[in-house]
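So you know, we letter chains A, B, ... as the sequences are listed, proteins then strands, and number each from 1.
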Amino acid sequence: MKYNPQELEIKWQAYWEKSCLFKAIEDLSKEKYYLLEMFPYPSGKIHIGHVRNYTIGDVVARFKRMCGKNVLHPMGWDAFGMPAENAAIENNSHPAQWTYDNIEAMKTQLKRMGFSYDWERELATCDPEYYRWEQLIFLEMYQKGLAYKKKTFVNWCDKCQTVLANEQVEDGCCWRHPELEVTIKEMDSWFLKITEYADEILDYCEKLPGWPDRVLTMQRNWIGKSYGAIIRFPMVGSDEVIEVFTTRQDTVFGATFMCLAPEHPLVNQVIKGLPQEGEVLGFVERTLRMDSVTRTADFTAKEGVFTGRYCLNPVTEEEIPILVANFVLFDYGTGAIMAVPTHDQRDFEFAKKYGLQLRVVITPPDEDLNEETMSEAYVDEGVLVNSGPFNGQRNLAALDSIAEYLESLGKGHKTVNFRIRDWGISRQRYWGTPIPIIYCDKCGTVPVPEEDLPVVLPLDLHMRPNGGSPLPFEPAFFETICPKCKGEARRETDTMDTFVESSWYFDRYTCPGYDKGPLDPERVDYWMPVDQYIGGIEHAILHLLYSRFFTKVLRDFGHHKVSEPFTNLLTQGMVCKETEECPEHGFLYPYEVKDGKCILCGAGVITGNIVKMSKSKKNVVDPQELIDRYGADTVRMFCLFASPPDKDLEWNDQGVEGSYRFLNRVWRLVVTHIDKITRVTAYDGRETLSGQLRSLYRKTHETIKKVTDDIENRFHFNTAISAVMELVNEVNQVLNSKEQKDDIAWSVVREAVEATVVLLSPVVPHITEELWQILGHDNSLLKVSWPSYNENALQTEKRLIVLQVNGKVRNRIEVPVSYGTKEIEEEALADAKIQHFIGEKPVKKVIVVQNKLVNVVV
RNA sequence: GCGAGAGUGGCGGAACUGGUAGACGCGCUGGAUUUAGGAUCCAGUGGGAGAUCCCGUAGGGGUUCGAGUCCCCUCUCUCGCACCA
């Protein structure tokens with residue numbers, strides 16, 4: 001009987017589907033386990049990254065089922081997004097058609113992988129039955145002031161007539177129109193007030209022990225809570241006051257000039273009628289024309305221009321010049337900074353460039369600073385000087401008192417500032433959730449009444465050939481009636497950022513068909529939070545942060561009771577492969593390279609770095625080819641065996657072959673000896689064993705222990721698989737030995753073989769179901785309980801002790817387990833090799849680590 | 001520039017709390033089987049010297065009886081970024 005993966009995999013997939021074994025049903029009597037992998041964007045085909053992600057999840061889901069948990073393991077589609085629009089333009093089709101075709105194709109592929117999803121809960125975010133509830137949530141947020149509109153600056157391409165994301169800007173130009181410079185345009189956009197929840201999101205980082213530290217660190221840094229002060233600088237010759245935010249109010253006595261962001265609303269007022277007006281306006285215009293990528297790149301020079309006006313340093317009462325500078329960000333702090341060139345490197349460079357005044361206000365403990373001679377800013381701690389009443393105090397210790405001093409003078413106050421900005425969700429795109437807002441000349445901004453939801457995205461229109469959304473050109477969509485005054489009105493034609501859909505889809509999986517609201521309170525509170533979330537590290541910040549924000553908002557709106565969506569998080573590494581590049585034809589697919597040469601022109605191919613697999617770099621492997629060749633089990637196994645999930649996986653075709661070979665070995669192990677194995681029952685531990693059999697019995701139980709621990713506590717599937725490989729090797733050794741095998745021997749073998757099959761079943765579910773059946777069982781492995789190990793089986797009579805002299809390994813000895821520290825020490829010192837290395841030298845110290853090692857220090 | 005990670009044989013990786021560095025697999029070498037190849041099985045496989053040692057976890061320093069693991073510095077690579085005042 002030969003191992004035929006294609007045939008048996010399809011057979012078992014059909015069996016699982018028919019028996020509904022993956023259907024999740026709410027059952028209060030059982031402990032729930034909600035396992036979720038990040039849902040895919042329906043791009044057309046699954047890629048290796050998906051396969052890896054979903055295999056990891058499937059192993060855990062199957063493992064938890066076998067451990068008796070009531071498992072929810074759903075799958076769906078993050079179906080809105082720009083690639084659908086681009087593909088539709090390219091193929092002259094419709095985004096919806098493209099998306100739904102892709103969903104069908106990818107669903108077939110996922111099913112072929114044997115993933116244990118409850119497909120009855122499948123959802124697609126482009127379905128009006130999904131996004132209607134998102135629109136409702138948006139309206140609730142609008143009502144509570146969490147959704148609001150404000151002006152913002154965006155990258156704009158005149159030809160596309162659309163906003164560009166930073167990644168769509170290349171060398172300051174539009175990616176579609178490299179001849180056209182991108183401009184900065186002021187635009188009205190919808191925002192969600194994530195800043196209102198910044199403090200809570202930050203505090204709850206402490207309550208997520210199941211998240212990787214690095215992700216929490218990145219999130220904390222992203223939120224960037226900083227304590228500082230607002231300081232008010234009155235303008236000379238006017239009543240205006242310029243406010244700055246600083247975390248370094250200790251340096252306020254050293255503030256010798258003021259910088260405004262080019263977008264700052266005071267700029268126009270400041271320069272009005274002055275001779276500098278023209279120059280400043282020119283500078284502002286030039287800066288604003290730059291796209292945000294170029295403007296903030298480190299190679300861009302820090303530039304500024306004097307406005308011709310001054311303001312007063314509120315503590316020294318000196319007049320200091322006001323400049324406009326390109327490095328000051330409008331949307332951080334107040335859009336203006338006090339510059340302290342002596343103690344901030346950026347300010348220092350800027351001051352040197354423009355010949356501005358410097359004043360030292362902090363001195364290091366061991367030297368004096370001189371404004372004339374210093375070559376860089378002094379940014380470390382020290383003692384305050386030139387700082388009025390604060391002279392002689394340590395600068396950090398004085399932070400609070402200086403803030404209080406400013407407050408007492410009415411010139412400032414303590415404050416907390418966040419780095420995180422509100423979430424801009426307006427997109428000038430077609431393929432997204434319409435924002436349910438109506439604009440009326442009489443009534444202003446009017447929310448769409450709840451009973452009019454959903455605002456359906458019209459499907460019967462054509463994409464614009466140059467890109468950009470067709471919605472503003474579609475009167476049938478935007479022409480509407482004001483819900484308040486019943487007059488003529490216009491719909492919002494922007495759609496929402498697709499991150500909005502992915503911020504609550506995990507809630508909706510718990511009650512996908514529910515039609516009385518976004519969430520069925522009973523079901524959502526049974527399943528949520530997600531016990532284990534698995535997905536790519538690239539989502540460490542945005543998606544995970546937005547989901548945490550939404551969860552808290554929905555809790556406050558009473559839609560559910562949880563505060564955090566994901567109890568445990570596993571961030572998997574990327575799948576990488578080297579690139580192949582032809583000097584003539586750019587990146588090449590693996591099949592376009594033959595013998596190191598480009599098949600198009602014969603030029604030598606340059607093998608590049610090992611980087612994340614991506615279509616643009618063409619360093620991709622199509623999982624479908626591997627499935628067709630080796631079957632799903634081999635692909636699943638290789639993805640897990642190649643490296644631990646949180647590390648990047650470097651793709652190597654040869655490794656796949658190894659996994660296939662191992663599955664064949666397991667197959668042969670069972671079928672070759674099936675008659676003898678099935679004649680006995682599995683060993684139950686009652687007969688006394690010795691020698692090889694005793695050792696195999698122990699190995700079986702060691703393996704159960706190791707695999708359980710690796711899957712449950714560490715997600716180290718690679719070492720779990722290695723452990724099973726070792727067990728298989730040992731069974732083969734026993735079978736190959738010349739010793740006569742009686743029934744007891746075969747029963748020990750049977751126990752080992754059955755353990756192998758059961759332990760491997762979450763990883764390679766198809767072959768193991770087949771082998772389980774061949775072994776004479778008539779129940780599916782899905783109904784078998786996860787095995788537990790027998791403590792007695794692990795016992796040994798001898799223990800290996802490592803003997804060291806001065807920390808170097810010199811010998812290894814076996815001692816009875818009954819030996820205590822004393823006896824081990826005596827045995828070690830008596831050892832001939834150890835004696836040899838001690839020689840004539842006096843023994844200074846002997847360190848004995850119980851059951852492990854002896855180190856003799858001489 | 002800032003932030004976060006990583007660096008172990010020819011390769012992927014193992015070593016979980018400081019205690020035998022290189023488990024397991026790939027590749028390679030030799031052998032068995034075979035007309036041959038493939039498949040399978042057995043043996044070997046960090047480097048050097050050679051029968052008992054020396055050197056080895058990017059490089060340098062430190063802590064320790066003992067460091068791949070902890071601390072400091074340097075280098076290289078990857079990822080993220082919004083010059084974070």
For a quick check of understanding: with a heavy-atom distance under 4.0 Å over all strands, which category does [X] fall into, base, sugar-phosphate or nothing?
| X | result |
| --- | --- |
| A/Arg220 | nothing |
| A/Ile721 | nothing |
| A/Lys844 | nothing |
| A/Val809 | sugar-phosphate |
| A/Phe837 | sugar-phosphate |
| A/Asn713 | nothing |

Inset, instruction - Look at the aromatic rings of A/Tyr3 and A/Tyr660 and report parallel, tilted or perpendicular, splitting at 30° and 60°. - result: tilted

With a 4.5 Å limit on heavy-atom distance, are the side chains of [X] and [Y] in contact?
| X | Y | result |
| --- | --- | --- |
| A/His673 | A/Leu735 | yes |
| A/Phe253 | A/Arg359 | no |
| A/Pro5 | A/Asp633 | no |

Legend entry - Pairing residues for A/Asp831 by the side chain to side chain contact (heavy atoms under 4.5 Å, CB included) criterion, not counting sequence neighbours: A/Leu803, A/Asn811, A/Ile813, A/Lys833, A/Ile834

Inset, instruction - Could you pull out all residues at least two apart from A/Val416 that satisfy side chain to side chain contact (heavy atoms under 4.5 Å, CB included)? - result: A/Lys225, A/Tyr227, A/Phe418

Inset, instruction - Determine the Euclidean distance between corresponding P atoms of B/G68 and B/G61; express it in Å to zero decimal places. - result: 15 Å

Legend entry - Span that lies between the P atom of B/C54 and that of B/C2, in whole angstrom: 44 Å

Measure all distances between protein nitrogen or oxygen atoms and nitrogen or oxygen atoms of nucleotides 62-72 of chain B, and list the pairs falling under 3.5 Å.
residue, atom, partner, partner atom, Å
B/C65, O2', A/Asn855, ND2, 3.3
B/C65, O2, A/Asn855, ND2, 2.5

Inset, instruction - Output the residues of residues 245-252 of chain A in contact with RNA chain B, where contact means a heavy atom of the residue under 4.0 Å from an atom of the strand; sort by number or write none. - result: A/Phe245, A/Thr246, A/Thr247, A/Arg248

Legend entry - Cation-pi check, A/Arg548 onto A/Trp222 ring (under 6.0 Å, within 45° of axis): no

Inset, instruction - Give RNA chain B the dot-bracket treatment, 5' to 3': Watson-Crick (N1-N3 with N6-O4 or O6-N4) or G-U (N1-O2, O6-N3) under 3.5 Å, [ ] crossing, | other strand. - result: (((((((..(((......[....)))((((((.......))))))(((....)))..(((((..]....))))))))))))....

Nearest-nucleotide pick for [X], side chain only, options being [options]:
| X | options | value |
| --- | --- | --- |
| A/Arg668 | B/C53, B/A4, B/U40 | B/U40 |
| A/Asn221 | B/G3, B/A23, B/G25 | B/G3 |
| A/Ile337 | B/U40, B/C55, B/A85 | B/A85 |
| A/Ser226 | B/G80, B/C41, B/A85 | B/A85 |

Legend entry - RNA chain B: 5'-proximal contact among A/Asn729 and A/Thr334 (nearest heavy atom): A/Asn729

Inset, instruction - Nearest-nucleotide wise, let me know which of A/Glu726 and A/Val215 is further upstream toward the 5' end of RNA chain B. - result: A/Val215

Legend entry - Letter per nucleotide, 5' to 3', of nucleotides 5-16 of chain B [B base touched, S only sugar-phosphate touched, - untouched; heavy atoms, 4.0 Å]: S------BSSSB

Legend entry - A/Glu814/A/Arg799 ion pair, N-O < 4.0 Å: no

Inset, instruction - In plain terms, say whether A/Lys706 and A/Asp710 are close enough for a salt bridge, that is, a side-chain N and a carboxylate O under 4.0 Å apart. - result: yes

Legend entry - Chi class for B/G9: syn within 90° of 0, otherwise anti: syn

Inset, instruction - Without swapping roles, check the side chain of A/Thr334 against the backbone of A/Glu243 for a donor-acceptor pair under 3.5 Å. - result: yes

